[in-house]
Amino acid sequence: MTFSIHGLAVARGIAIGRAVLVASSRMDVAHYFVEADRVDHEIERLRNARKAVIEELQRLQQSLSQMSPTDTPDELSALLDVHMMLLQDEVLTTGVKHWITDRLYNAEWALATQLEVISRQFDGMEDAYLRERKADLEQVVERMLRFMRGVPSPVAPPMPSPAERRRAAAGDAAGDSAQDVPLVLVAHDLSPADMLQFKQSVFTGFVTDVGGRTSHTAIVARSMDIPAVVGARSASQLVRQDDWLIVDGDAGVLIVDPTPIVLDEYRFKQRQGELERERLSRLRHTPAVTLDGERIELLANIEQPEDAASARAGGAVGVGLFRSEFLFMGRHDRLPDEREQYLAYRAAVEGMGGLPVTIRTVDIGADKPLDSHRGEAAHPNPALGLRAIRWSLADPAMFRTQLRAILRAAAHGPVNLMIPMLAHGREIRHTLALIDRSRAELDNLGVPYGPVRLGAMIEIPAAALMLPLFLRHFDFLSIGTNDLIQYTLAIDRTDEAVAHLYDPLHPAVLQLVAGTIAAARAQGKGVSVCGEMAGDPAMTRLLLGLGLRSFSMHPAQILAVKQEVLRADTARLAPWAQQVVAAEEPATLMGRAG
């Protein structure tokens with residue numbers, strides 16, 4: 001039956017393919033594809049986990065037999081028997097082998113996927129007792145996952161609890177391989193690190209239950225240049241494994257099990273989108289110059305050193321934001337040392353072939369946790385807690401390690417060093433002192449390093465209101481509109497419940513952006529926008545009218561923005577832009593650009 005689920009459009013285009021559900025269980029499950037020659041190894045891991053849990057249950061059964069009957073309820077012994085039976089059921093193991101062999105899933109992902117498939121079968125059973133056995137299956141699978149992760153299993157299987165019996169979405173396993181059928185990723189949520197793991201994968205689109213337009217999951221999705229919808233609420237519960245899906249990234253709609261007529265309609269839209277991208281590609285080598293002769297700098301945001309190639313291919317004239325935190329995430333406390341960081345930054349610098357690279361120091365926190373397994377218990381409000389420069393200044397040794405690595409990379413090409421989330425004069429002074437100390441440490445060691453231009457991100461209203469201080473100490477400013485909007489409007493940009501209130505055209509936001517651009521230009525200092533506003537073609541003319549001449553965005557967005565630049569006359573746009581900033585409802589004037 002065809003139905004649609006509405007969410008937020010975060011990456012444009014149309015994707016059509018089979019659903020791949022990333023299971024959300026009580027334990028974290030790794031999701032990645034394996035090489036064909038690793039299939040036997042993954043199956044062996046599965047066998048070992050199954051064998052270990054069987055032996056564990058056998059030991060429990062033996063210990064129960066040695067206890068007094070009054071101390072061992074019959075239900076507990078029967079539950080162990082059920083668990084043993086489920087472990088030895090070939091439906092479970094054969095199905096898992098299918099996902100490993102045919103889809104090249106890793107063992108954990110395959111096990112979680114097969115759990116969803118069988119769970120759906122349990123849900124369809126008329127017999128209430130049999131339906132309840134789904135909880136037993138979940139516990140068995142959780143034990144196997146624990147073994148594969150090296151986490152000790154509980155000493156006895158917990159009794160089933162209604163609160164623990166979650167509904168899972170699944171369906172019949174298809175025999176198609178990942179190489180033959182386009183796939184759409186469906187998940188409750190994905191961390192930025194997860195998204196990077198999928199970056200070079202076969203997915204043609206993705207959908208998540210939660211998230212906002214400027215959550216970092218959405219941002220990385222745009223960098224992958226694939227259609228995406230976030231904040232789709234119940235998608236992971238309603239979609240079944242291998243359902244045919246249409247992801248309409250333009251409208252923010254997911255269509256499940258489409259009819260042939262609907263499929264044909266969206267395939268036509270898909271071809272139109274491909275033709276539009278092909279037309280835009282002809283602008284790749286066209287200089288970004290407005291009709292009145294203003295040269296505009298279009299830069300790229302990247303997450304990994306290898307992204308430099310796609311930045312140059314997209315027509316970027318440099319990197320305006322290298323998010324260094326992606327080198328730190330998912331490391332389980334094993335942070336990258338100076339050499340590893342230096343080699344990564346050097347690779348990005350050399351990959352740009354002499355074009356400038358702006359490296360932002362680590363911006364950990366909020367929707368970019370250092371380690372997804374830690375959770376946020378220590379930081380009840382992560383967006384307002386120990387993140388970005390606050391985190392770096394709290395660990396000076398770690399910070400100096402990163403600073404030395406960046407300074408060393410600057411010996412191989414032009415590098416800008418950018419500091420995120422500054423708000424206090426004492427933070428500025430402390431940061432500059434640590435940069436000086438890092439240079440001195442390299443001098444003492446005789447290690448070569450290069451010059452860097454120093455920049456600060458303007459992403460807290462406090463910073464936007466004390467620009468003279470920033471302009472005294474820094475060579476350039478970069479407006480991080482994602483956080484600036486979040487903090488100005490007191491909106492969690494990762495929460496779909498308030499996503500409708502996230503408004504880049506709010507008068508307060510526009511006044512802060514306009515004021516920052518004007519102040520920097522008045523002082524002859526460089527200023528750019530590196531947030532999502534920079535990559536939105538609908539905002540290009542407004543930013544040009546406000547005097548912005550440097551935009552930094554994901555490589556996939558550069559050509560669409562360049563098209564707007566080539567059609568713009570900044571002299572005619574300037575008076576209109578000031579009217580927009582002064583308006584109570586700026587959105588009403590956006591269609592009246594000169």
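Here, residue 1 is the first one in the sequence, and each next residue gets the next number. Bear in mind the structure is a predicted one, so any value in this text is a computation, not a measurement.
When side chains are defined from C-beta on, Val509 counts as touching Leu489, because their heavy atoms get closer than 4.5 Å. Using a 4.5 Å heavy-atom threshold, the side chains of Asn416 and Ile359 count as separate. The closest side-chain heavy-atom distance from Ile485 to His506 is not below 4.5 Å. The closest side-chain heavy-atom distance from Leu104 to Val39 is below 4.5 Å. Residues Val452 and Leu454 meet the side-chain proximity criterion, which asks for heavy atoms closer than 4.5 Å. Considering only heavy atoms from C-beta on, Glu532 comes within 4.5 Å of His554 through its side chain. Within the 4.5 Å cutoff, no side-chain heavy atoms of Thr290 are placed close to those of Leu573. Between Gln486 and Ile491 the shortest side-chain heavy-atom distance does not fall below 4.5 Å.
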After noting the C-alpha distance and the side-chain angles of Phe326 and Glu303, does the key distance pass the side-chain contact (heavy atoms from CB on, under 4.5 Å) rule? CA-CA 6 Å; Phe326 286 94; Glu303 287 84 31; 3.4 Å; yes
side-chain contact (heavy atoms from CB on, under 4.5 Å) between Arg400 and Arg437, worked out: CA-CA 8 Å; Arg400 294 201 318 275; Arg437 181 174 173 183; 3.6 Å; yes
I'd like to know whether Val20 forms a side-chain contact (heavy atoms from CB on, under 4.5 Å) with Phe203, so could you lay out the CA-CA distance, the side-chain angles of the two residues, the decisive distance to 0.1 Å, and finally the verdict. CA-CA 9 Å; Val20 175; Phe203 294 115; 3.8 Å; yes
Checking side-chain contact (heavy atoms from CB on, under 4.5 Å) for the pair Arg549/Arg521: CA distance, chi angles, key distance, verdict? CA-CA 10 Å; Arg549 300 295 181 261; Arg521 286 172 60 91; 3.6 Å; yes
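Nearest heavy-atom pair across Ala410 and Pro451 is CB-O, 3.6 Å. Across all non-hydrogen atoms, the minimal contact from Ala316 to Ile558 is CB-CD1, 3.6 Å. The two residues Ala107 and Glu42 come nearest to each other via the heavy atoms N-OE1, 2.8 Å. Taking both residues in full, the closest heavy atoms of Ala308 and Ala348 are given as CB-O, 4.0 Å, listed atom of the first, atom of the second, then distance. The minimum heavy-atom distance linking Ala388 with Pro420 is given by the pair CB-CG, 3.9 Å. Taking all atoms of both residues into account, the shortest heavy-atom contact from Leu484 to Pro461 is CD1-N, 4.0 Å.
Distance alone, capped at 3.5 Å, places no donor-acceptor pair between the Asp248 side chain and the Ile14 backbone. The closest donor-acceptor contact from the side chain of Asp209 to the backbone of Ser236 lies under 3.5 Å. No donor-acceptor distance shorter than 3.5 angstrom exists from the side chain of Arg12 to the backbone of Pro227, with no hydrogens or angles considered. In this structure, the side chain of Thr208 does not engage the main chain of His188 through any donor-acceptor pair within 3.5 Å. Counting only distance, with no hydrogens or angles, the side chain of Lys562 and the backbone of Thr286 share a donor-acceptor pair below 3.5 Å. Asn106 places a side-chain N or O within 3.5 Å of a backbone atom of Tyr32 that can act as its donor or acceptor partner. Counting only distance, with no hydrogens or angles, the side chain of Lys525 and the backbone of Leu471 share a donor-acceptor pair below 3.5 Å.
Other residues, nucleotides and ligands contribute more than 12 heavy atoms inside 6.0 Å of the CZ atom of Arg45. The neighbour count for Arg38 CZ, taken as heavy atoms of other residues, nucleotides or ligands under 6.0 Å away, does not exceed 12. For CZ of Arg284, the number of neighbouring non-hydrogen atoms (other residues, nucleotides, ligands) closer than 6.0 Å is greater than 12.
Residues forming a ring pair (Phe, Tyr, Trp, His ring centres under 6.0 Å) with Tyr345 (at least two apart in sequence, or on another chain): Phe322. By the side-chain hydrogen bond (donor to acceptor under 3.5 Å, both in side chains) test, Ser324 pairs with Gln402, sequence neighbours left out. For Glu459, there are no salt bridge (charged side-chain N to carboxylate O under 4.0 Å, His left out) partners two or more places apart in sequence or in a different chain. Here Asp395 pairs with Ala397, Met398 under the side chain to side chain contact (heavy atoms under 4.5 Å, CB included) rule; sequence neighbours left out. The side chain to side chain contact (heavy atoms under 4.5 Å, CB included) search around Ser552 returns Leu299, Asn301, Leu321, Cys530, not counting sequence neighbours. Partners of Arg279 under the salt bridge (charged side-chain N to carboxylate O under 4.0 Å, His left out) rule, at least two apart in sequence or in another chain, are Glu276. Taking the salt bridge (charged side-chain N to carboxylate O under 4.0 Å, His left out) definition, one finds that Glu274 meets it with nothing, sequence neighbours left out. Arg390 is linked by a salt bridge (charged side-chain N to carboxylate O under 4.0 Å, His left out) to nothing, counting only residues two or more places apart in sequence or in another chain.
Applying the salt bridge (Lys or Arg N to Asp or Glu O under 4.0 Å) test to residues at least two apart or on different chains, none of the pairs has a partner in residues 419-434. Pairs passing the salt bridge (Lys or Arg N to Asp or Glu O under 4.0 Å) check and including a residue from residues 402-425, sequence neighbours excluded, read Glu338-Arg404, Glu338-Arg408, Arg404-Glu441. Residue pairs meeting the ring pair (Phe, Tyr, Trp, His ring centres under 6.0 Å) criterion with at least one member in residues 395-433, sequence neighbours excluded, are Tyr342-His412. The stretch residues 514-542 participates, sequence neighbours left out, in no ring pair (Phe, Tyr, Trp, His ring centres under 6.0 Å) pair at all.
The aromatic rings of Trp391 and Phe328 sit perpendicular, their planes meeting at an angle over 60°, well past the 30° parallel limit.
The residues Arg387 and Asp483 are annotated as salt-bridged, a charged nitrogen and a carboxylate oxygen being separated by less than 4.0 angstrom.
Distance CD1/Ile435 to CD1/Ile406: 8.5 Å, rounded to 0.5 Å. The CG atom of Leu566 lies 8.0 Å from the CG atom of Leu291; values are rounded to the nearest 0.5 Å. Interatomic distance, Ile458 CD1 to Leu422 CG, rounded to the nearest 0.5 Å: 8.0 Å. To the nearest 0.5 angstrom, Thr361 atom OG1 is 10.0 Å from Met457 atom CE. Here the straight-line distance linking atom CG of Leu512 with atom CD1 of Ile479 works out to 9.0 Å at 0.5 Å rounding. Atom OG of Ser550 and atom CG of Leu477 lie 11.5 Å apart (nearest 0.5 Å).
Using modelled atom types, one finds a donor on one side chain and an acceptor on the other under 3.5 Å when comparing Ser528 with Ser478. Residues Thr540 and Glu564 have side chains that never bring a donor and an acceptor to within less than 3.5 angstrom of each other. Using modelled atom types and a 3.5 Å distance limit, the side chains of Tyr449 and Asp443 yield a donor-acceptor pair.
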